[in-house]
Amino acid sequence: NLVPMAEILKKANKEGYAVGGFNINNLEFLQGIIEAAEEMNSPLILQTSEGAIKYIGIDYVIGMVEAATKNTTIPVALHLDHGSSFEVVMKCIRHGYSSVMIDGSHYPFEENVRLVKKVVEAAHSVGVSVEAELGKIGGTEDNVSVDEKDATYTDPDEAVEFVERTGVDALAIAIGTAHGVYKGKPELDFDRLTDIKSKLDMPLVLHGASGVPTEDVEKAVKLGINKVNVNTDFQQAFTERIKEIFDEKPDLYDPRKYCGPGRDAIKAKVKEKIKMLGSQNKA
Ligand SMILES: O=C(COP(=O)(O)O)NO
Ligand code: NA
Ligand SMILES: [Zn+2]
């Protein structure tokens, strides 16, 4: 009952909307995200960073996602976010992930191509989709951190060569976003996105969407972004709600009394994101 991400993104690319790549960090994130997507009749890409897999445990990830998708009516992919090696990718594929990102963006171009090509051959041989990254997205997420000066934007011509030589299903591009909380206002390079999309009519991925103004994400979707990764906004929604609860009732100790409202806050935030991406009723 998981589908390959490529299937979900092919339709999104054809019809001009984007699908959320929403990170799960625990049970409440998974429940809030899947409930919101089902209520909005939206396709969904559940994703775990390597840090989240370490925190939850891969057998729990698979078990919880299986429970979450057993009776679902919407297409759901389970995706490895920012896979750092062939070995980790293969571990996730063996455990039942339907999609993987191999992030070789911090390597020289040829090394990135070599690694991604190897992953695509293995993943595609068992029907698993592949996302890769070209250009460096700034910010920090778990062990992925790039400081401003090294964050280099995606070169459109390099992107064409990269996709031709690797056969990836989706390409994460660097056009000014960064993981985590922004220091200043992010300025997205929409001309660069337009140029890349005109050369590569394929699913493009925007990372670091938390903190990007809604209208900028909507514009990026109009210009050809088909997957939008969101993590920090949901983490902040969860955490802020729990802080509010403890302000009201500092002596609480039953985790359901604060994780439950935290889950509801995630769910509400996910619905806002689905509206922003245009994937409502696209299941
Ligand atoms: O790109 C992301 C999420 O970034 P944010 O935390 O900034 O939403 N995950 O791969
Ligand atoms: Na961000
Ligand atoms: Zn990312």
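Worth saying up front: this structure is predicted, and the values here are computed from it rather than measured. Atoms considered below: every heavy atom in the structure, side chains included; atoms not considered: hydrogens, waters and symmetry mates. One-based numbering, in listed order, for ligands and for the atoms of each.
- Scanning all protein heavy atoms for the shortest distance to atom 6 (O) of ligand 1 gives Thr232 OG1, 2.6 Å.
- The closest approach between Asp233 and ligand 1 stays at or above 4.0 Å for every heavy atom of the residue.
- To the nearest 10 degrees, the angle centred on the Na ion (ligand 2) between O in Gly208 and O in Gly180 reads 170°.
- We find the CG-CG distance between Leu134 and Asp103 to be 10.5 Å, quoted to the nearest 0.5 Å.
- Residue contacts with ligand 1, taken as heavy atom pairs separated by less than 4.0 Å, involve Asn23 solely via side-chain atoms from C-beta onward.
- Contact between Met5 and Ala170 at its shortest, heavy atoms only, is CE-CB, 4.1 Å.
- Using a 4.0 Å cut-off between heavy atoms, Ser49 makes no contact with ligand 1 at all.
- The two atoms that bring Ser279 and Pro43 nearest to each other are O-CD, 3.5 Å, heavy atoms only.
- When each atom of ligand 1 is checked for a heavy atom of His207 under 4.0 Å away, the hits are 1 (O), 10 (O).
- Using a 4.0 Å cutoff on heavy atoms, Gly21 does not count as a contact of ligand 1.
- Follow the hydrophobic side-chain contacts under 4.5 Å out from Leu80 and you never reach Ile45; the two are in separate clusters.
- When distances to the Na ion (ligand 2) are checked against a cut-off of 3.0 Å, Gly139 contributes no N, O or S atom below that limit.
- Looking at His207 and the Zn ion (ligand 3) together, the shortest N, O or S contact belongs to ND1.
- Among the backbone and side-chain atoms of Ala209, no N/O/S atom is found under 3.0 Å from the Na ion (ligand 2).
- With hydrogens and angles disregarded, no donor-acceptor distance shorter than 3.5 Å links the side chain of Thr166 to the backbone of Val113.
- Remark: Asp195 does not engage Arg192 in a salt bridge, criterion side-chain N to carboxylate O under 4.0 Å.
- Because the distance cut-off is set at 3.0 Å, Tyr182 fails to qualify as a neighbour of the Na ion (ligand 2), as none of its N, O or S atoms comes that close.
- No salt bridge links Asp247 with Lys243; every basic N to acidic carboxylate O contact stays at or beyond 4.0 Å.
- Taking a cutoff of 4.0 Å between a charged side-chain nitrogen and a carboxylate oxygen, Asp233 and Lys273 qualify as a salt bridge.
- Regarding atom 7 (O) of ligand 1, its nearest protein heavy-atom neighbour is Gly180 N, 2.9 Å.
- Counting only distance, with no hydrogens or angles, the side chain of Thr239 and the backbone of Gln236 share no donor-acceptor pair below 3.5 Å.
- Side-chain atoms of Lys282 do not come within 3.5 Å of backbone N or O of Lys11 as any donor-acceptor pair.
- If you look at Asn229 next to ligand 1, the close heavy atoms, those under 4.0 Å, come from the backbone and the side chain alike.
- Among the backbone and side-chain atoms of Ala178, an N/O/S atom is found under 3.0 Å from the Na ion (ligand 2).
- The distance between the ring centers of Phe29 and Phe234 does not fall below 6.0 angstrom.
- Residue Val230 approaches ligand 1 through these ligand atoms, each under 4.0 Å from one of its heavy atoms: 8 (O).
- When non-hydrogen atoms are compared, ligand 1 lies under 4.0 Å from the backbone of Ser210 as well as from its side chain.
- Heavy atoms of His82 found under 4.0 angstrom from ligand 1 belong exclusively to the side chain.
- Stacking of Lys118 on the aromatic ring of Phe86 is recorded, both the 6.0 Å distance cut-off and the 45° axial limit being met.
- Nearest to atom 10 (O) of ligand 1 among the protein's heavy atoms is Asp81 OD2, 2.6 Å.
- Distance check: Ile34 CD1 to Thr69 OG1 gives 6.5 Å after rounding to the nearest 0.5 Å.
- Interface atoms of ligand 1 facing Ala178, defined by a heavy-atom separation under 4.0 Å, are 7 (O).
- Annotation: Gly208 places an N or O atom under 3.5 Å from an N or O atom of ligand 1; distance criterion only.
- Each of the atoms 7 (O), 8 (O) of ligand 1 lies under 4.0 Å from some heavy atom of Ala209.
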